[in-house]
Amino acid sequence: MDSIQIPPVDLRLLTPLLIVVSWASLLLLIDVFVIPEGRKKLTGYLAIAGLAVAGLAGIPLWNVSGSTFAGMLVLDRYSLSLTWIFLIAGALSIAIALDYLPRHAIEQGEYYPLIMVAVAGMILMAQGTDLIVLFLGIEVLSITLYILTGFAYPRLTSEEAAMKYLVLGAFAAGFFVYGIALIFGATGTTSLAGIAAYLGRQPFAPQAETLFLAGASLVLIGFSFKVALVPFHMWTPDVYEGSPTPVAAFMSVGTKGAALAALLRFVAFAIEDARPFWLPVLATLAVATMVIGNLGALGQSNVKRMLAYSSIGHAGYILLAIMVAVEGGAEAFLFYMLAYTLTNLGAFGVLIALEQRGEAAWSIDDFGGLYQRRPLLAVAMALFMFSLAGVPPTAGFMAKFFVFTTAYGGGLGWLALVGVLTSAIAAYYYLRVVVKMFMQEPARELRPELSQGLNLEIVIAGVATLILGLLPAPFVLLVERSLSALGGG
Amino acid sequence: MEWLIWLIPLLPFVGFLLNVFVIRHERPAGLVASGLVAASFVVAVTAIAMLAGLPEEERRIISVGWEWINAGDLRVPFGIMLDPLSAVMVLLVTGVGALIHFYSIGYMHGDARVVRYFAYLNLFVTMMLFLVMGNNMLILFLGWEGVGLCSFLLIGHWFERKSAAAAAVKAFVVNRIGDAAFILAMLAIYANFGTLNFYEVTVAGEVQPGFLERVPEIIGQSFGPSWQPIALATGISFLLLIGATGKSAQFPLFVWLPDAMAGPTPVSALIHAATMVTGGVYMMTRTEALFAASPATQTWVLWVGALTALIAGTAAIAQWDIKRVLAYSTVSQLGFMVAACGMGAYVAAIFHLLTHGIFKALLFLGSGSVIHGTHDTQDMRKMGGLRTAMPTTYWTYLVGAGALAGIVPLAGFWSKDEILAHALSHNHWPQLIILFLTSLLTAFYMGRQVALVFFGTQRDTHYHAHESGRVMTVPLIVLAVGAVIGGAINLPWGHWLTDWLHPVLHEEAGSFNPVLALIATAGAVGMSYLGWWLYTSNAAKVKVGGKDPAYRYTGDIWDGLEEAWYVDRLYERVIVQPFRGLGDFLARVFDPQGIDGLVLGIGRFFGWAGAQVRELQSGYVRTYALVFTAGVVLVLSFMLIFTR
Amino acid sequence: MVPTSYYILLSAALFTIGVLGVLIRRNAIVVFMAVELMLNAANLALVAYARERLSIDGQVLVFFVITVAAAEVAVGLALLVAIFRTKRTTDVDEVSTLRG
Amino acid sequence: MESFPILSLVLWLPTLGALALLAVPRDNAELARRIALMVAVLTLLASLALPLGYAPAAAASDGSLALQFVERVPWLPMLGASYSLGIDGVSLWLVMLTTFLLPIVILSTWDSVHKEVRNFQILMLLLATAMIGVFVAMDLLLFYIFWEFTLIPMTLLIGIWGGSNRVFAARKFFLYTFSGSVLMLLAIIGLYVLNREALAAAQPGYPGTLDISAIAANLRSGVFRLDPAMERLLFGAFFLAFAIKVPLWPFHTWLPDAHVEAPTAGSVILAGVLLKLGSYGMIRFNLTLFPEAARWAAPAIAVLAVIGIIYGAIVAFAQTDMKKLVAYSSVSHMGFIVLGIFALNRAGVSGAILQSINHGLSTGALFLIVGVLYERRHTRELAAYGGIWKVMPVYGGITLLVALSSAGLPGLNGFVGEYTIMQGAFLAPELGWPFLGFAVFGVVLAAVYLLRLYQTVFMGELDNPENQGLQDLNRRELVTLAALCVPIVALGLYPAFALGPMQASVADVVNGLANTVAGRIDLLP
């Protein structure tokens, strides 16, 4: 029998991914055998080092672009920028977890390698250009997050959140796979380029494509679950509240970003020709997400749930950019992700600083009168809140401005109108936090614990939010160049 | 030579500034204030002498200070002018003003805030001079509202008294209603003529037209809704009439003048007799071209003047307060002047304005001397028999009363007679009868007042009446002389005033009607004797705080007259109460619940919607899965519809 | 040769049974089984199409799906044990303290 | 003309001051006040260079605005947004009003603010930069950023140093204004995208521009044409944001709460300058960019303005709280200003700008006056006062002057502005005498409620024992109030000083309105 030809594999394109995966598994072993019980922080530092090395390894690849594993994985500036964002997100959430875990006595060495594996999953989703690879990326990411959500073991709410996340996650994965199967049935291939070619053959005639459209809609549903678009968002509030706060932070930024990146690739490149079909679907989902996401947060007295609903709302805004990905939406998406990552991690950082030992309460009253006791912390939180609300001169505003401009340019003016109105509603609950901090008296005596890592993280996030808000030009140029190569994907 | 006329208004203004910022003591304040007004009088006389020197048609000195407003096409220079009409007014204002200033030194002696009083008085004279000397409507309006402000300040001089404070605010607000109409008129004038200047003036090299000569241009035009077009000239002049009624206390808006008596008496003399209230008449005379262009408004003016004269005359009869009698009498005499303007007899109106200014100031200062002498009692029922205690005041008061009643040699007779003669010759029969009847009433209430104050015995003995000091009696004597020879200004044969005002008003002198003069004098003498006789013979019936002897015959009508036909109370119930009610409704109900309710309602709606979303989040995994599946079904069904 | 459409109908039926299983049953283990059913329905469809197209790719994909399903169930059961240890129940509805 | 960037200096000086204040220890109030005052005075001196160096140039040929002291630095090239500053006749005096009021406001904090003075000054200085930024920004995005940024310091000022119900008032103020201006953001985006599409045909790859005068030039020269429906929509979005800020009649309910709860200094700045952002915006955007829609909407807006004039006056009359009374009086005065703007002729618009400055001076002084009494008696209820004139004569005199200027007495600044506006509205073809019939009624009502305030507080018996002990103005209060009285009288007698420079720009705006009738191509000189 003829020998098995192994297709040429260019591993150089996957250096960041490989570094992260190998480092994670190595770290797992080191943690078990080498690092003594009390000194688990060392694993954390090693994990951050690993992510940093992966990031540095990515720099020379800036001008390199190409695909490997027979077109199933690709490296271009788009995926590289996303990789960097995910690495930053992973590093920051490890930093804030360093002192959070011992404080709540859930210090397990495995936390840090799990985060690294999750980051690997995200990079996989960013680089994947084949439905199965995307499926694999999603599942690697989801399974590690099921474990991470349930990490605060003795606390029942953490277990409950993990259970809910797992059941619904698996449920959605079922739809996703079935969708892939149907698409495979219709087009004979699962690679995004193949699907695009299939659609390109003859002008898109909806009647002939029922099988393909069924598959595509199921795949879209799978993605919408991961991105938490309404009505597939029900898991988000409970999971965010139940899971340990660093994990919630990591999820709100990382998972959402990765899923949206994959959705963008799928929508913008695989089924671009079927636009008349998926545009109304995504438009309705976007409107529902923006409205219900922001409405849900209005009456929240629990800050973590509020931030969960707010992340749903933000997913709606990013969806606008994705729908006009080809006409500049991708740059707006990348800038939005960068701004949202920094602001959200900053907000969660402040939340962690206020979380008392052994308690799982995040009521808004804990923010009462923070301005009197820790003015700098209060100012930082106010900055993050105004950024999430989209009030200038913050990064959030600039990101929203880009998204709305590209959406309006791409003919989605009325969607931008909905976005603008819902961000007016959103201002209410963001302002509630600011009002609580600056204008009201503290409910109970509370000592915020600012470890040196957390402090650094909040400062970085704050300064970055301001700089991105005032002088976004350099970042936008960086992001813009990263898009030029995307066309080839 | 033009800068000279600036001195006239600026001298009192310097007095105002000195009194506000520099002077702290009573002595210098009085002297500086009076001195400066007197100086202004002297400058006025010299300026008028120069004016008289000019040939008749060039008798107009216009001097522009600077470009006041230049907003796009709205250009208004800040300039003043001196022409025969304003010259006469300036003489009255500064002359009578100076006398009243000297009188005030005596009257206001020992008052807590006398320096501030003199400051306001000087500011008033400045503003009045701007009113009469303004060369465009806006400067006239500057003076117009300025005197309104000073009357507010001076009426409210003793602001501790609630009545004085309320009267001051009432005066300013009622004036403001008139001013609102005045502003509308100015807007219309500018819109149609492109300028507010009375006569052509060169400002910074650029010639700006005047509108008085170009009034015939707008005769034909009309405005307003198509089904009821109103002639433009009528509209503008009617608005000016409303403005004048506000300022000169004519029928609809005269309620503030009687209450204004709460201020010090020299203030009443200067502002509410001689100068401010005549502002309206001066304005109508100045813009007589507009009124001449619309006969409709002329008849309105005529009727307003006549009716005001009658109402005020009847009200004056029933007053007990010595000053309120004179206040209503002023309103009545102003009615005469406005009626004269209505008839087109502007010279007669100005003539009566001048003579009235003199003898009414005399009467007010006389009553001031009486009040001063009787330790601030103003109720005539507490007076009586003062002719022996205050001889000078008595004789000067008698002269003034005679002039007002229109007894033959005195000033009042000549000016009133000219108005009646003009009415007769232009056969305005109804107005003639009303005005004649009012002149009879005037004679009656003056007789009544002289009798109550100076004859009989002193009813209230708590005070010891004494004559006022020389600083008060000298002005009285000067004014009494003026009241006697005042008629000479425009004797029917010499009619010096008509010739003097000819370049401005272009009127021919009316002929003297001996029969009318005889009847008028007989009526005046008869009625004043009747008034005097009634209240000296029934002197015993007049009790302190009791009813008027005439009450027995007339009953409640007498109270109606005292309240000036309840016009004031009508306004209180018809306008002021509903306005307060509307204000409270808007402020308490409509604004907080209505508009604000709507705004907060939107907020609450979103709060409720948020609650519904949180309700959906039940916590059961299977409900989440159910919602998930519902989403799937929706998407797939859309897909099926899409692919059919 | 059995036409592919029969296989697809079967896999659709299996898939709907799996979905209903997740919605109706309260016991966590049965829910896991239902999810497995859904995934295997997808595998069936994949294999059917692969046979129809005579392309090996479809069948290869099945392996990926199977491995992922295995990983999921492993983690799921571990979690179930953890919850059982604290709350002594496997009922999915019992576990609903997080709400609002 | 790349001369010395005076505008950037005036704009960022307060912020530098705020940063310097950060170094001051938190509890050292006196030092913080002094530094803040010094910075404010420096800003004022620097801004004096503007009117002195201002040469009222003729309108530029290509229809763009004739700007002075122009500075342009590329900021977001891919969106065509640039950090571009410039002032013309319209914004010159509003900038001067801001820099003039700033030292006065900071001087007034010596008595009124005692808790956390340093942070108060920092917020005030930041607010100053934001306000000046709004007036000088010539780039839509930059304008919007400054416009929104004014909300944060003002909300904190009301919320932290305010009265008893401050939290509700601060939150309402922020949300009401924010939701209004959010629509404006969409309108800015719409304008940018439509402009880019219109010009992309001619120059492919054209990144579009957010520069106001460039867009205005395109609009006027007909290169970029808006169809009437879209123009009205954009006009409506801009107008809503400005109407809420002005506040125009139905959108005014946030003003009384914000004023009553704000500290004295906050109220002065809120009434003095923040309300003018709305009127400035209307002239700069609604009239310049959307002339057709402005002409279409003018009568309707004038009706709202006249309702505002009368409604504000009546409700002010019925108030028992002094600050609420002055707040509603602002609603009435701003109604006049909007009436002037939508008279759409040179008299009306220049009258509106002048009246914006007058209102800033007189209402700012009124709030300081209420603050003086509040510092002494800690109550704003009218019933608690009576006969104060006897005990505080100087204070009574100054209040009378300011009240009369606010009531529009000729000889003081209020009248000149009001009369020019009324004359403009009378000459406007769409408006005319029916509007003026009611608007002039507002002049009467102004006298009614202001004199009622004066009568209840200053006249009448001094019956309340607590009032007997009040001492008159101290030296600092006297300086602040006197500093405001000088321009009040000066502008009253010689308004040409302010009206002169603005004529060129106002003519430019009004010509823009006029020539839309004659088609877009030929441009009136």
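Just so it is clear, the model here is predicted, and its values are computed rather than measured. Below, read A as the first sequence line, B as the second, and so on, with proteins coming before strands; counting in each chain starts at 1. Worth knowing before you read on, the calculation uses all heavy atoms, side chains too, and leaves out hydrogens, waters and symmetry mates.
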Can you give me the closest heavy-atom contact between [X] and [Y], atom names plus distance?
{"X": "C:Ala71", "Y": "A:Ile143", "value": "CB-CD1, 3.7 Å"}
{"X": "A:Ala181", "Y": "C:Ala45", "value": "CB-CB, 3.9 Å"}
{"X": "A:Glu160", "Y": "C:Val95", "value": "CG-CG1, 2.8 Å"}
{"X": "A:Gly174", "Y": "C:Met38", "value": "CA-CE, 3.9 Å"}
{"X": "A:Ala170", "Y": "C:Val35", "value": "CB-CG1, 3.5 Å"}
{"X": "C:Val68", "Y": "A:Leu136", "value": "CG2-CD2, 3.8 Å"}

Please state whether the side chain, the backbone, both or neither of [X] comes within less than 4.5 Å of a heavy atom of chain C.
{"X": "A:Tyr309", "value": "side chain"}
{"X": "A:Phe175", "value": "both"}
{"X": "A:Ala186", "value": "backbone"}
{"X": "A:Leu168", "value": "neither"}

TODO: Name the member of C:Gly58, C:Ala48, C:Ala69 that forms the most heavy-atom pairs with chain A at distances under 4.5 Å.
DONE: C:Gly58
Task: Winner by heavy-atom pair count (cut-off under 4.5 Å) against chain A, out of C:Val47, C:Ile83, C:Val92 - done: C:Ile83
- [ ] Determine whether the side chains of A:Glu159 and C:Thr86 contain a donor N or O and an acceptor N or O closer than 3.5 Å.
- [x] no
Quick check for you: to the nearest 0.5 Å, what is the distance between [X] atom [atom1] and [Y] atom [atom2]?
{"X": "A:Phe171", "Y": "C:Leu23", "atom1": "CZ", "atom2": "CG", "result": "5.0 Å"}
{"X": "C:Leu61", "Y": "A:Asp130", "atom1": "CG", "atom2": "CG", "result": "7.5 Å"}
{"X": "A:Glu139", "Y": "C:Thr67", "atom1": "CD", "atom2": "OG1", "result": "9.5 Å"}
{"X": "A:Lys164", "Y": "C:Leu79", "atom1": "NZ", "atom2": "CG", "result": "13.5 Å"}
{"X": "C:Leu46", "Y": "A:Ile132", "atom1": "CG", "atom2": "CD1", "result": "7.0 Å"}
{"X": "A:Thr187", "Y": "C:Arg53", "atom1": "OG1", "atom2": "CZ", "result": "6.5 Å"}

Task: Pairwise side-chain contact, C:Phe32 with A:Leu166, heavy-atom cut-off 4.5 Å (strictly under) - done: yes
Identify which part of [X] has an atom lying under 4.5 Å from any heavy atom of chain A, answering side chain, backbone, both or neither.
{"X": "C:Ala50", "result": "both"}
{"X": "C:Leu80", "result": "both"}
{"X": "C:Arg85", "result": "side chain"}
{"X": "C:Val19", "result": "both"}
{"X": "C:Ala12", "result": "both"}
{"X": "C:Val75", "result": "both"}

Open item on the list: Working note: C:Asp57 + A:Thr190, criterion side chain to side chain contact (heavy atoms under 4.5 Å, CB included); need CA distance, chi angles, decisive distance, verdict.
Closed with: CA-CA 9 Å; C:Asp57 296 352; A:Thr190 57; over 6 Å; no
TODO: Apply ring-ring contact (aromatic ring centres under 6.0 Å, His included) to C:Phe15 and A:Tyr178, showing your working.
DONE: CA-CA 8 Å; C:Phe15 190 79; A:Tyr178 201 75; 4.4 Å; yes
Open item on the list: Is it the case that atom CZ in C:Arg25 sees more than 12 heavy atoms from other parts of the structure closer than 6.0 Å?
Closed with: no
TODO: Count the heavy-atom pairs under 4.5 Å between each of A:Gly185, A:Ala162, A:Ala161 and chain C, then report the option with the highest count.
DONE: A:Gly185
